[in-house]
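Everything numeric here is computed off the predicted structure, so don't read it as measured data. Residue indices begin at 1 and follow the sequence shown.
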Amino acid sequence: THSITCSTLCAKNLFGTTPTTAVHRTVCHHFGIENIIVDLAREIKPCLNIVDCSVGISGEGPTLNPGSKTDDVKSHLGFWVILAGANTFAVDLIGSAMMYQKPWLVTKFNLARSQGLISTTDPRNLTLIGDETNLMNLLMPKWTPPQCYPQTKASIKNVQELSLQR
């Protein structure tokens with residue numbers, strides 16, 4: 001999780017490719033990191049985006065801040081997951097949904113869609129290939145999402161209305 005961008009997955013990691021100082025990175029995180037992430041993704045297009053979903057931080061990541069904890073994905077699902085795909089934002093949409101976020105409310109996904117970097121902000125519209133192809137079996141409702149958008153608490157309580165239930 002990430003307290004500003006909701007998740008630190010493939011798209012956010014592109015920020016690490018920039019040759020900037022720590023001060024510059026801190027300023028960017030607080031003033032428009034979502035725009036920077038989408039700008040970078042428009043120019044840097046990895047052939048393969050991989051997320052190792054074995055252990056992550058739930059709560060107010062990306063570091064162990066108060067209210068966050070290291071969390072083992074296997075303890076939620078009974079198995080570990082590796083996400084991979086050619087589209088940076090498609091992989092991130094699935095990862096965000098797994099963490100029980102509403103990716104369609106996340107700024108970077110809406111910006112990416114408006115710029116043609118992904119066709120949807122709803123992970124249910126993406127096709128999964130592999131051992132587990134049902135998105136409902138990858139959701140972790142007890143994962144603590146960050147408070148990166150005002151609807152986060154409501155998203156946990158009202159997730160049934162969006163058919164994101166097991």
Side-chain angles (χ1 to χ4, degrees), residues 1-17 22 25-26 29-30 33-34 37 40-41 46-109 112 118 120-166:
T1 60
H2 193 281
S3 59
I4 299 170
T5 65
C6 292
S7 59
T8 300
L9 300 169
C10 300
K12 169 66 173 65
N13 285 341
L14 293 175
F15 190 63
T17 66
R25 286 180 195 266
T26 300
H29 269 77
H30 293 285
I33 186 69
E34 296 90 353
I37 289 169
L40 286 168
C47 296
L48 183 62
N49 300 273
I50 301 170
V51 178
D52 176 353
C53 303
S54 53
V55 175
I57 294 178
S58 65
E60 300 300 315
T63 58
L64 287 175
N65 295 314
S68 65
K69 66 177 183 164
T70 301
D71 219 336
D72 183 345
V73 171
K74 191 173 185 179
S75 70
H76 292 272
L77 299 176
F79 52 89
W80 287 305
V81 176
I82 293 179
L83 298 176
N87 185 296
T88 302
F89 290 104
V91 173
D92 285 6
L93 275 171
I94 298 299
S96 291
M98 284 178 62
M99 293 184 285
Y100 235 58
Q101 297 177 8
K102 287 183 181 179
W104 45 89
L105 297 177
V106 177
T107 302
K108 67 182 169 194
F109 294 128
I118 191 166
T120 183
T121 57
D122 188 339
R124 295 170 293 181
N125 295 333
L126 299 173
T127 301
L128 299 178
I129 300 170
D131 291 339
E132 184 52 70
T133 59
N134 184 345
L135 178 61
M136 301 305 115
N137 294 333
L138 295 175
L139 300 181
M140 300 180 294
K142 293 183 180 170
W143 192 275
T144 306
Q147 300 302 311
C148 55
Y149 51 87
Q151 295 86 351
T152 301
K153 286 183 181 175
S155 71
I156 295 168
K157 293 177 185 169
N158 300 325
V159 76
Q160 293 84 8
E161 75 188 51
L162 297 166
S163 300
L164 276 178
Q165 56 190 355
R166 288 187 185 260

Got a second to check how far [X]'s [atom1] is from [Y]'s [atom2], nearest 0.5 Å?
X    : Y    : atom1 : atom2 : answer
C10  : L93  : SG    : CG    : 11.0 Å
D71  : M99  : CG    : CE    : 11.0 Å
W104 : N125 : CH2   : CG    : 9.5 Å
N87  : I118 : CG    : CD1   : 5.0 Å
L77  : M98  : CG    : CE    : 5.5 Å
T88  : N13  : OG1   : CG    : 10.0 Å

D131, CG atom: more than 12 neighbouring heavy atoms under 6.0 Å: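 It does not: D131 CG has 12 such atoms or fewer within range.
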Please give me the minimum heavy-atom distance between [X] and [Y], naming the atom from each residue.
X    : Y    : value
P103 : F109 : O-CD1, 3.2 Å
L14  : A41  : CD1-CA, 3.6 Å
F79  : E132 : CZ-CG, 4.5 Å
L126 : T120 : CD2-CG2, 3.8 Å

Within the 3.5 Å criterion, strictly below it, is a donor on D52 or S54 matched to an acceptor on the partner's side chain? yes
So, using side-chain contact (heavy atoms from CB on, under 4.5 Å) as the criterion, who are the partners of [X] when residues are at least two apart?
X    : answer
D72  : K74, S75, W80
A84  : L48, I50
L128 : I94, T133, L135, L138

List the steps and the verdict of side chain to side chain contact (heavy atoms under 4.5 Å, CB included) for T70 and V55. CA-CA 7 Å; T70 301; V55 175; 3.3 Å; yes
